[in-house]
Asks: 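First, the structure itself, so that you have it in front of you.
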Amino acid sequence: MAESKAGVAGPVARSPIRPSGAPVLVDGWEHDITPPVCAGLRLCDLSWLAKVSLRASMDGATAAGLAVGRGRAARDAATRRLVVGSGPGEWMVIGPQGQGPAIVAELDERFGSAGELVSVVDLTHGRALVRLSGADAVVGVLSKLCALDFSDRAAPDGTALRSSVASLVTDIVRDDLPATLPTTAPAAGGGPGAGGLAGERSYLLHCERSSGQYLFDALADAGRDHAIAVYGATERDW
Amino acid sequence: MMRIPCPYCGPRNSSEFAYKGESRPRPEVGSVTPAQWRAYLYDHANPEGWVAEGWYHRAGCRRYLKVERHTLTNEVRSVTPAARP
């Protein structure tokens with residue numbers, strides 16, 4: 001159990017996923033600060049990101065206003081928010097830490113008066129969110145736990161799916177990391193690692209908070225063949 | 001293994017779904033007799049051939065679906081969203 005820092009005011013929010021080292025408090029959330037890994041297969045906890053669920057009719061004014069179809073995810077460059085069309089009439093807005101109430105207020109204002117029944121709920125503390133990245137090894141790991149086709153043809157960047165991962169109902173969003181300059185760090189799994197012109201293959205996975213540790217452990221276990229690395233999330237991961 | 005082509009999610013393993021039983025009309029609650037209600041709950045036609053069933057996509061779109069399935073071959077010939085109540 002992590003010790004809370006002396007002199008901290010207000011409640012401390014913790015991810016359902018145990019940090020691998022002593023966590024550090026950042027704006028009320030405990031963050032894992034395990035040194036980041038930039039290449040190879042890797043896994044990090046992003047549960048502190050704001051997560052807001054929006055439900056409305058699947059073909060109403062709200063759906064048209066969001067302009068993100070079912071099974072797709074789109075990132076707003078200005079706000080860095082990711083709008084995920086997670087199901088028929090169901091969206092999830094994922095944003096930077098601490099923006100939950102602001103996103104709720106904004107969605108309420110935008111769609112609350114559209115004349116249809118819209119429900120906006122801040123699920124930040126109710127869901128676990130992890131990012132699994134790395135070159136082709138990621139597909140191998142996911143394929144051990146999930147029956148879906150994760151090839152580029154079937155699930156390109158910006159695909160949103162909900163399926164059973166390690167027998168757990170999990171939302172999977174392909175959200176490739178932006179391309180970076182080639183890194184000098186060796187790729188842990190012997191794969192090509194980060195760098196190059198194309199973005200790096202990466203997935204966001206989220207599930208109910210109570211199953212977060214299980215999902216994290218299942219992914220870490222499935223990635224052991226590829227020498228998966230667990231690290232504290234960095235700016236690049238979000 | 002049986003696959004169900006979900007109209008929202010595409011073909012998925014049947015383990016993602018919950019079986020809701022044969023589709024048949026629900027008796028009027030106000031005027032139903034106990035015997036009729038019992039028959040509605042527990043008596044099934046269980047035919048050898050095509051049957052209309054309700055399935056719930058538990059691990060996907062979370063929608064109720066009406067599936068026409070052949071009970072011998074598990075072939076699925078139509079899947080449509082269940083009518084909203």
Asks: For a side-chain contact (heavy atoms from CB on, under 4.5 Å) with A:Pro88, tell me which candidate from B:His57, B:Arg62, B:Arg63 qualifies.
Replies: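 Answer after filtering B:His57, B:Arg62, B:Arg63: B:Arg63.
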Asks: Would you say that more than 12 heavy atoms from the other residues, nucleotides or ligands in this model lie under 6.0 Å from the CZ of A:Arg209, or not?
Replies: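 More than 12 within 6.0 Å, yes.
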Asks: Of the non-hydrogen atoms in A:Met58 and B:Tyr8, which two are nearest, and what is the gap between them?
Replies: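 Result for this residue pair: CE-OH, 3.5 Å.
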Asks: Counting only heavy atoms closer than 4.5 Å, note whether A:Leu168 contacts chain B via side chain, backbone, both or neither.
Replies: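 For A:Leu168, no heavy atom lies under 4.5 Å from chain B.
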Asks: Distance from B:Arg58 atom CZ to A:Arg162 atom CZ, nearest 0.5 Å?
Replies: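 If I round to the nearest 0.5 Å, the distance is 12.0 Å.
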Asks: What do you reckon, is CZ of B:Arg3 surrounded by more than 12 foreign heavy atoms closer than 6.0 Å?
Replies: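 No, because the 6.0 Å sphere around CZ of B:Arg3 holds 12 heavy atoms or fewer from other groups.
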Asks: Are B:Glu16 and A:Val169 packed together at the side-chain level, in the sense that at least one heavy-atom pair is separated by less than 4.5 angstrom?
Replies: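 No, side chains not in contact.
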Asks: Which distance, rounded to the nearest 0.5 Å, do you find between the CD of A:Glu90 and the SG of B:Cys61?
Replies: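 A:Glu90 CD to B:Cys61 SG: 9.5 Å, rounded to 0.5 Å.
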Asks: With a cut-off of 6.0 Å (strictly less than), are more than 12 heavy atoms of other residues, nucleotides or ligands near NZ of A:Lys144?
Replies: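 Count over threshold, so yes.
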Asks: Any chance CG of B:Leu72 has more than 12 other-residue heavy atoms, nucleotides or ligands included, within less than 6.0 Å?
Replies: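 Yes, because the 6.0 Å sphere around CG of B:Leu72 holds more than 12 heavy atoms from other groups.
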